Amino acid sequence: MSILEVKNLVFEYGTGKYKNRALDDVSFLLEKGEILSIIGHTGSGKSTLVQTLNGLLKPKSGEVLFNGDNIFKNNLLLHQIKFKVGLVFQYPEYQLFEETVFKDISFGPHNMGLSECEIKKRVMFAAEFVGLRNDLLQKSPFDLSGGERRRAAIAGIIAMKPEILILDEPTAGLDPGSGRRLLDNLIRLRKMNKTTIIIVSHSMEEAARISDKIMVMDHSKCAMFGTPKDVFSEDKRLTELSLELPQITRIMKMLKSRGCDIRDDILTVDEAVSEILRVIARGERHE
Amino acid sequence: MSDITIGQYVEGYSVVHRMDVRVKLSLMLFYILFVFIANNYFALMLIILATIFATLLTRISIFQYIKSTKGIIIIVLLTSMLNLFYGKGKPIFKSGFLEITEAGINNAIFISVRIILLVFISGVLTFTTTPADLTDGLERIMKPLKIFHIKVHDIAMMMSIALRFIPTFFEELDKITNAQKSRGADIEGGNFIARIKAFIPILIPLFISSFRRANDLAAAMECRCYNGGEGRTRMKVLTLHRCDIVAIVFSVFTFSGVILCSILLPNPIM
């Protein structure tokens, strides 16, 4: 059984004249431990979709099945699903409120009704995981730097140990180094706990580098769904949706169009390096 | 919560919509005065007719006006009930210490009609004027207060900024509420104390982001060399049109009629 199954999801904002369909018949399947990237331009329904996945928004029709159970079946399940499906909002650093970072991270576990001992363990784990130094835990969240605050906010969700972790543009506004570290941490989390991860992203490079599946949203519909290789092989379709291939893939395609005998289905820089080295080595052999 | 509307402006192109906001505001102030000067049925009738005429001119459905009186219907009932027992003269009906006189009945009718008229006429103003225009008009009308060292421009600027940021504020509130709900915050349930406590995780980030926003806005305004109203020119220059003149003349006639009726005819309320 898949951990998450979304069936014919329809969501509408407003009523009557101002009705606006934000999700139109969206369906997909996600297996445990997979990383899914959702890409699409602004206003395509990405944020609405992730908010239905943890039950914050109730869809007009359709089902969200978590381990086979419809999360909208009853209120108890709807409350508990928030701990199973952790959602990190865009710019989560603005939701910090407690006196100390420690207390803020423990807000989620506290709401779960865990024991003090367990809460402490989880906060320590989450803080260590996102790379927050121990001495920061007793500080006020408002004394931290922007990047540290973001990490504290994400730790607040990770401390709930969700089975599915959803992040809405987690790297927006971070410097490239912090962004990369954050993504590396997510990959580590998946390895450690088999956490399923969904990332809403604007960066094709990020999506290509870390995900097992990619979903492209366009005008409230799921336009494409598949492995990065599948999705990025249809470059014409992507251009139609005003999206682009990852930079490195574009470079490889240019090399190929200039007569270089090279694979153009390459998605990451590492792959590209080995492919270019291979081509060069072959060229040298010929000479 | 995102569908909240600020003010009650109803889009339209009627004569009243096109009128100069200064004229609308000052006429309304005089109108309020005359609603209370009118102290007999003839004068009141005159004002009622003028009000009906004004509401018809706005070309906004009468139901909209009636809907706006819904909120004050209890106040109207309560005050007229109280007034009913406060008339002097010969009682028509007596029970214990309560007595109803003719003057009391008149009192009750007058007070309720006056309140309803006020709601209607403020509807005529707010339905046809955007909040931004309204603050703009207020600023110009209050300009003479400058001699008392009241910073009219600054007050008007604060009002328009406050109005501008109400929708942003609600959007932010919605976002933070959702974020805390995602962390399992229980906002609806529990007793009174628990509910207030549940609001802390929402209120604190909301306050902080409001201060941040205010800071940013102040910096942005300073970057564009904003330094108060001194020597500032206007983008929208208001000029009086024919419809404004007609409205003023018409109102002057109505108001004089009210004064004449009130002086010449007997007063039924004591």
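Proteins get letters first, then strands, A, B, ... in listed order; numbering begins at 1 in each. Remember, it's a predicted structure, so these values are computed and weren't measured experimentally.
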Measure [X] against the heavy atoms of chain B and call it side chain, backbone, both or neither at under 4.5 Å.
X: A:I157; value: side chain
X: A:Y94; value: both
X: A:E98; value: neither

Closest non-hydrogen atoms of B:K181 and A:K82, given as atom of the first, atom of the second and distance, are O-CD, 3.1 Å
Rounding to 0.5 Å, atoms CG (A:L57) and CG (B:N178) come to a distance of 6.5 Å
To the nearest 0.5 Å, atom CZ of A:F97 lies from atom CD1 of B:I176 at 11.0 Å
Taking atom [atom1] as the centre, does [X] end up with more than 12 heavy-atom neighbours from other residues, nucleotides or ligands that are less than 6.0 angstrom away?
X: B:F30; atom1: CZ; value: no
X: B:K175; atom1: NZ; value: no
X: B:R59; atom1: CZ; value: no
X: A:F142; atom1: CZ; value: yes
X: B:Q64; atom1: CD; value: yes
X: A:F11; atom1: CZ; value: yes
X: A:N75; atom1: CG; value: no

Taking the six-membered ring of A:F83 as reference, does the cationic atom of B:R183 (NZ for Lys, CZ for Arg) lie under 6.0 Å from its centre and within 45° of its axis? no
Donor-acceptor pair, A:Q95 side chain versus B:Q180 backbone, under 3.5 Å?
no
If one checks every heavy atom of B:S182 against chain A at 4.5 Å, the contacting part turns out to be both
